[in-house]
Asks: 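The structure is given below, and queries will be raised subsequently.
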Amino acid sequence: VPTAAMDHAWYARDVADLLRWRRVATAVWGSAMSILAALAYLAFARFRPTPWGVVAATLSPTEWTKRVAHALALALAQLPAHITAVALMRPSLAPLRVVGGDDDGAVDPYGGFAEPGSQGRFAASRVPPHLFPAGFGPSRWCATPSPTWASPAAEAKDAIAHLIAFAAHVLSGAASCVALRRGAVTWGGGGSEVAESSSTGLVHAARFGAVLGALVAAHFAGTGARNCAYPAAARPRWMRIKRCAPAAAWRGAWFSLSAAATHAGLRVALTLRGEMATADGVFSLAKIVFDFWFREVSDACRMVPCGFACAGGWLAARAASNVVLTERYRFLPQSLVDGPVSASAPLLASLASHETPFAQHAAYQDLCAICEDGGGGRRALLLADKRGDAYAPAMAAALAPVIAVTCAMRAALDAAERADRGVVGGVSGVSGGRSGSLKATGGGVKLRVA
């Protein structure tokens, strides 16, 4: 006979398998995007400018073997950066905490509608920090919140993860550009291949790739690129990737151009002084500066297609990973023998599991599907329980986002009312001087927008 502990272990394994296999799928689809980017670049870099050369390259097994080998090398080189980026992806800015006790039964997870002054009002573990304006204080509308900010250990862990991702992008960018550069060829007299893999050219490609990786990693860390976007409607995986990956790859052109400008500027700033020391006059100095700038800019521009393929592969792989991580999942019952509450336990547990945010978001998507089309009979299971032990938690979870917004609106209205009355930090102006200083605030409300 299965016990509650065995059921919980089954559920924990199910969620762990869900997240693990999705991580594996992100690596597979990311590698596929890198291979496609490499093949597109090699079709350009190994192009034979004659009609017969194009036909021969298309039908030659040797040519395709070389292209596939270089494409696999690029996929392996980009894999560390891709894995670290996926590890930093998150479904939202802050977890949705759906909690409750015996008093409110989890119907009001943030205590927004509890009686003023009661213990259920804004418990410390229930308030996401981004819901309230700066300088928010207690009033007749809302009690004093105690937001739970990230602990110093969690912030340090996140900072270390970003540093690892930055280093992985720098090293991966250098290795990727070298792999692509080794596959590029020019055509000499008589149609013979001339490889562009000289030692100087490969060193230049490695430097350019390191700069490109640093720019991509800085953009990933400094913007909302790590936040996943969820689809409005369920569509097959390959259709979503077909739609978003090419658009993401085209943004690699801007990263490549930025890397070319940055690389040329760094080279000039670090080595121009030594070149200028060899000048023996004004005209000679001007010629050296012009030649040096022209050479560096030309070398950087020649690396733009290679950088486009490298950055495009990263961005397309990241877009494909976003698709995989945000796919819908059906939290099916463990068993129908023990009644509707036990049957709905996987869904109800996932709705409240803010510790695993991707599983929680998947549960909300599944709850929406259940409300829309019945979920294959699972809506009937939620409604079949006469005591409401299955329906009430599901309804509380469904109302939690609405209640969170309501709490934030209450806090904002309260802060605006206090500012208009000249109340700051719970102290009202009494003397004329203090009243004037409070009036200088203009009654504005500064909201922290996540």
Side-chain angles (χ1 to χ4, degrees), residues 4-5 7-20 22 90-114 120 123 125-128 130-131 148 227-232 234 325-336 338-385 387-408:
D7 288 343
H8 180 74
W10 181 91
Y11 164 75
R13 286 195 303 269
D14 184 53
V15 173
D17 289 342
L18 164 68
L19 299 179
R20 183 183 306 111
R22 287 194 174 184
R90 58 187 183 183
S92 62
L93 292 173
L96 179 62
R97 301 179 185 273
V98 184
V99 295
D102 298 333
D103 297 333
D104 51 24
V107 176
D108 188 4
Y110 297 134
F113 298 106
S125 62
R126 302 183 184 182
V127 183
H130 66 282
L131 287 182
T148 54
N227 299 322
C228 293
Y230 280 77
L325 293 175
T326 58
E327 281 184 334
R328 296 193 176 186
Y329 181 77
R330 300 179 64 194
F331 290 87
L332 299 177
Q334 298 182 25
S335 173
L336 298 176
D338 298 328
V341 177
S342 177
S344 304
L347 175 64
L348 300 178
S350 301
L351 288 171
S353 63
H354 60 268
E355 298 88 356
T356 53
F358 277 111
Q360 186 185 35
H361 280 67
Y364 268 90
Q365 287 182 311
D366 193 33
L367 181 61
C368 290
I370 290 175
C371 296
E372 291 174 358
D373 56 22
R378 287 181 292 157
R379 181 171 59 188
L381 284 175
L382 291 175
L383 299 175
D385 182 37
R387 297 176 53 187
D389 292 338
Y391 174 78
M395 182 57 65
L399 292 176
V402 181
I403 294 174
V405 175
T406 304
C407 294

Asks: Rounded to the nearest 0.5 Å, what separation is found between the CD atom of Glu372 and the CG atom of Leu367?
Replies: 10.0 Å

Asks: With sequence neighbours excluded, what pairs up with Arg22 under the side-chain contact (heavy atoms from CB on, under 4.5 Å) test?
Replies: Leu18, Val324, Leu325, Glu327, Tyr329

Asks: Does Pro346 reach the side chain of Asp14, with side-chain heavy atoms less than 4.5 Å apart?
Replies: no

Asks: Decide yes or no on side-chain contact (heavy atoms from CB on, under 4.5 Å) for Asn227 and Arg90, but give the supporting numbers first.
Replies: CA-CA 5 Å; Asn227 299 322; Arg90 58 187 183 183; 2.6 Å; yes

Asks: Could you tell me which non-hydrogen atom of Cys371 sits nearest to which non-hydrogen atom of Arg379, and how far apart they are?
Replies: O-NH1, 2.8 Å

Asks: Is any side-chain heavy atom of Arg378 closer than 4.5 Å to a side-chain heavy atom of Pro333?
Replies: yes

Asks: With sequence neighbours excluded, what pairs up with Ser350 under the side-chain hydrogen bond (donor to acceptor under 3.5 Å, both in side chains) test?
Replies: Tyr11

Asks: Using the salt bridge (charged side-chain N to carboxylate O under 4.0 Å, His left out) criterion, which residues pair with Asp373? Sequence neighbours excluded.
Replies: none

Asks: Enter the distance from Ser344:OG to Leu382:CG here, rounded to the nearest 0.5 Å.
Replies: 4.0 Å

Asks: Just verifying a value: how many Å separate Leu383 CG and Ile370 CD1, rounded to the nearest 0.5 Å?
Replies: 10.5 Å

Asks: What closest approach, in Å, do Arg330 and Gly376 show between heavy atoms, and which atom pair accounts for it?
Replies: NH2-CA, 4.4 Å

Asks: Indicate the atoms forming the closest heavy-atom contact of Ala359 with Phe331, along with that distance.
Replies: O-CZ, 3.7 Å

Asks: For residues Cys228 and Thr326, report the shortest heavy-atom separation together with the two atoms involved.
Replies: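 For Cys228 versus Thr326, the nearest heavy atoms are CB-CG2, 3.8 Å.
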
Asks: If you round to the nearest 0.5 Å, how far is CZ of Arg328 from OH of Tyr230?
Replies: 11.5 Å

